[in-house]
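One is the number of the first residue; the rest follow in order along the sequence. Side chains included, hydrogens not; waters and symmetry mates left out as well; all remaining heavy atoms used. Fair warning: this is a prediction, and the values are worked out from it, not measured in the lab.
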Amino acid sequence: MLSLHHHHLPSTTNAKPQFPQTTTNLRHSTTFPKTLAPKLKPKPYITKSLLQWNRKPQLSGETPRVVVVTSGKGGVGKTTTTANIGLSLARLGFSVVAIDADVGLRNLDLLLGLENRVNYTVVEVLNGDCRLDQALVRDKRWSNFELLCISKPRSKLPIGFGGKALTWLVEALKARADGSGTGAVSPDFILIDCPAGIDAGFITAITPANEAVLITTPDITALRDADRVTGLLECDGIRDIKMIVNRVRTDMIKGEDMMSVLDVQEMLGLPLLGVIPEDSEVIRSTNRGYPLVLNKPPTLAGLAFEQAAWRLVEQDSMQAVMVEEEPKRGFFSFFGG
């Protein structure tokens with residue numbers, strides 16, 4: 001009786017087979033897939049986190065959003081930022097008009113590779129020599145990105161051109177949807193590339209804007225100018241000011257030869273829109289008229305510009321404090337460095 005009971009035990013209790021049976025016949029065991037099931041559970045969460053950046057960001061605020069890109073100090077990357085963030089916004093599906101407000105030293109068309117296609121400027125529009133849509137240069141790579149230049153190099157600007165004229169221009173861009181069936185729409189973003197300094201050109205460029213992106217590098221000269229510009233922007237009524245720290249080198253930060261991003265944020269007290277690492281590819285892309293964000297494979301600086309554009313759309317900011325709490329890892333731990 002004992003032997004018969006032992007013989008029928010495996011058939012009546014299939015939920016827990018004997019240990020020798022599981023080890024010798026592992027391929028046909030019913031318990032083997034169940035042991036792998038807990039290891040496969042995190043997979044949907046990983047996919048979800050990867051798809052987070054594949055969705056279109058939610059546009060925040062009233063459109064069109066007029067953003068001035070400024071710094072005070074020259075040579076810190078205003079024009080490069082305008083070109084790369086503008087094309088990043090266009091790649092995300094938004095309509096963008098980039099205005100080169102630097103009258104004497106126009107460079108945005110060179111960085112975008114559109115210098116040979118600028119036939120008319122705002123000066124001709126104001127003089128009645130052409131229509132506004134004729135002065136807008138549409139990028140062939142992304143048709144929802146357009147460039148508008150104030151004047152041609154080595155040309156004299158009318159004395160009456162100032163903040164009021166640029167405000168009229170922005171209002172005309174907003175009213176494009178009411179045009180004569182040309183298919184033109186009001187842009188989602190109007191980016192104004194501000195000239196260096198805080199003279200009349202700066203005052204003109206910031207007049208129609210309601211938010212600003214302040215570009216600085218982690219050196220004391222750029223920070224002093226950025227602090228001065230912040231005060232002028234606030235006096236002009238622009239309260240939404242975010243900063244991008246450009247040309248950051250983690251090796252110099254670790255060697256305490258360069259201020260960290262956290263130090264810059266504590267000095268200026270502004271929300272952080274993005275951090276752009278030092279990248280030799282910037283010079284190559286500038287000379288080719290091919291912005292970084294179009295590179296394949298993408299560079300580290302190009303990815304940083306795309307992330308900054310994403311945050312600009314959703315009016316978000318990043319926290320340097322949370323990442324820099326770990327010593328000796330540097331701020332760019334979120335880049336994988």
Side-chain angles (χ1 to χ4, degrees), residues 65-83 85-86 97-112 115 118 121-127 135 147-173 189-247 264 267-270 273 286:
R65 287 171 54 186
V66 186
V67 185
V68 61
V69 182
T70 182
S71 70
K73 188 179 186 297
V76 298
K78 290 186 299 294
T79 306
T80 303
T81 301
T82 306
I85 286 188
V97 174
I99 301 177
D100 192 343
D102 198 335
V103 176
L105 304 172
R106 193 184 79 188
N107 291 320
L108 186 56
D109 55 335
L110 290 172
L111 268 69
L112 293 167
E115 66 275 7
V118 181
T121 63
V122 174
V123 174
E124 280 84 13
V125 176
L126 294 175
N127 292 336
L147 171 68
L148 183 62
C149 297
I150 297 294
S151 66
K152 295 179 179 177
R154 299 182 300 276
S155 66
K156 292 183 179 180
L157 197 67
I159 298 177
F161 188 85
K164 290 184 178 180
L166 193 58
T167 303
W168 171 86
L169 186 66
V170 168
E171 293 298 325
L173 289 171
F189 286 89
I190 299 175
L191 301 180
I192 303 175
D193 184 19
C194 184
I198 53 173
D199 54 0
F202 168 80
I203 301 299
T204 299
I206 70 172
T207 300
N210 45 37
E211 55 186 297
V213 175
L214 186 67
I215 315 298
T216 185
T217 51
D219 57 85
I220 55 173
T221 54
L223 289 174
R224 173 187 282 180
D225 293 350
D227 187 50
R228 172 73 171 143
V229 166
T230 303
L232 293 175
L233 291 171
E234 290 176 347
C235 289
D236 198 63
I238 302 175
R239 301 294 178 184
D240 188 357
I241 308 172
K242 294 183 176 67
M243 71 169 177
I244 290 180
V245 185
N246 194 17
R247 302 177 68 176
V264 174
M267 290 182 67
L268 295 179
L270 295 174
L273 188 66
T286 300

Task: Working for side chain to side chain contact (heavy atoms under 4.5 Å, CB included), residues Val264 and Met243 - done: CA-CA 10 Å; Val264 174; Met243 71 169 177; 4.0 Å; yes
Open item on the list: How close do Val76 and Ala222 get, counting heavy atoms only, and between which atoms?
Closed with: CG1-CB, 4.2 Å
- [ ] Measure the shortest side-chain to side-chain distance between Ile190 and Val67 over non-hydrogen atoms and say whether it is less than 4.5 angstrom.
- [x] no
Task: 4.5 Å side-chain heavy-atom contact, Asp102 and Leu105 - done: yes
Open item on the list: Show the nearest heavy-atom pair for residues Gly72 and Thr70, with the distance to one decimal.
Closed with: N-OG1, 3.9 Å
Open item on the list: Does any part of the side chain of Ile215, heavy atoms only, come nearer than 4.5 Å to the side chain of Val213, both counted from C-beta?
Closed with: yes
Open item on the list: A side-chain contact here means heavy atoms from C-beta on lying under 4.5 Å apart; do Asn210 and Ile238 qualify?
Closed with: no
TODO: Answer whether the closest heavy-atom distance between the side chains of Phe202 and Leu232 falls below 4.5 Å.
DONE: yes
Task: side chain to side chain contact (heavy atoms under 4.5 Å, CB included) between Val69 and Cys194, worked out - done: CA-CA 6 Å; Val69 182; Cys194 184; 5.9 Å; no
- [ ] Taking salt bridge (charged side-chain N to carboxylate O under 4.0 Å, His left out) as the test, write out the residues that go with Lys242, two or more places apart.
- [x] Asp240
- [ ] Would you check if there is a donor-acceptor pair between the side chains of Lys152 and Thr121 at a distance under 3.5 Å?
- [x] no
Task: Separation of Leu268 CG from Leu214 CG (nearest 0.5 Å) - done: 7.0 Å
Open item on the list: Working to the nearest 0.5 angstrom, can you tell me the gap between Ile203 CD1 and Ile206 CD1?
Closed with: 4.5 Å
- [ ] Give, for atom CG of Leu233 and atom CZ of Arg228, the distance between the pair rounded to the nearest 0.5 Å.
- [x] 11.0 Å
- [ ] Grab the two heavy atoms, one from Val125 and one from Ala135, that are nearest each other, plus how far apart they are.
- [x] CG2-CB, 3.7 Å
Open item on the list: If the condition is side chain to side chain donor-acceptor pair (under 3.5 Å), which residues does Asp109 pass it with, not counting sequence neighbours?
Closed with: Arg106
TODO: Give a yes-or-no answer on whether the side chains of Thr79 and Asp193 include a donor-acceptor pair shorter than 3.5 Å.
DONE: yes
Task: Check: Ser71 and Thr216 side chains under 4.5 Å, non-hydrogen atoms - done: no
- [ ] Write down the atom of Ala98, the atom of Leu108, and the distance for their closest heavy-atom approach.
- [x] CB-CD2, 4.0 Å
- [ ] Measure the shortest side-chain to side-chain distance between Ile99 and Val97 over non-hydrogen atoms and say whether it is less than 4.5 angstrom.
- [x] yes
Open item on the list: Are there over 12 heavy-atom neighbours, none belonging to Arg247, within less than 6.0 Å of that residue's CZ?
Closed with: no
Open item on the list: Measuring only between side-chain heavy atoms, which start at C-beta, is Val245 closer than 4.5 Å to Pro218?
Closed with: yes
Open item on the list: Tell me the closest heavy-atom pair linking Asp236 and Thr207, and the distance in Å.
Closed with: OD2-CA, 4.2 Å
- [ ] State, to 0.1 Å, how close Ile150 and Asp100 come at their nearest heavy-atom pair, and which atoms those are.
- [x] CG1-O, 3.1 Å
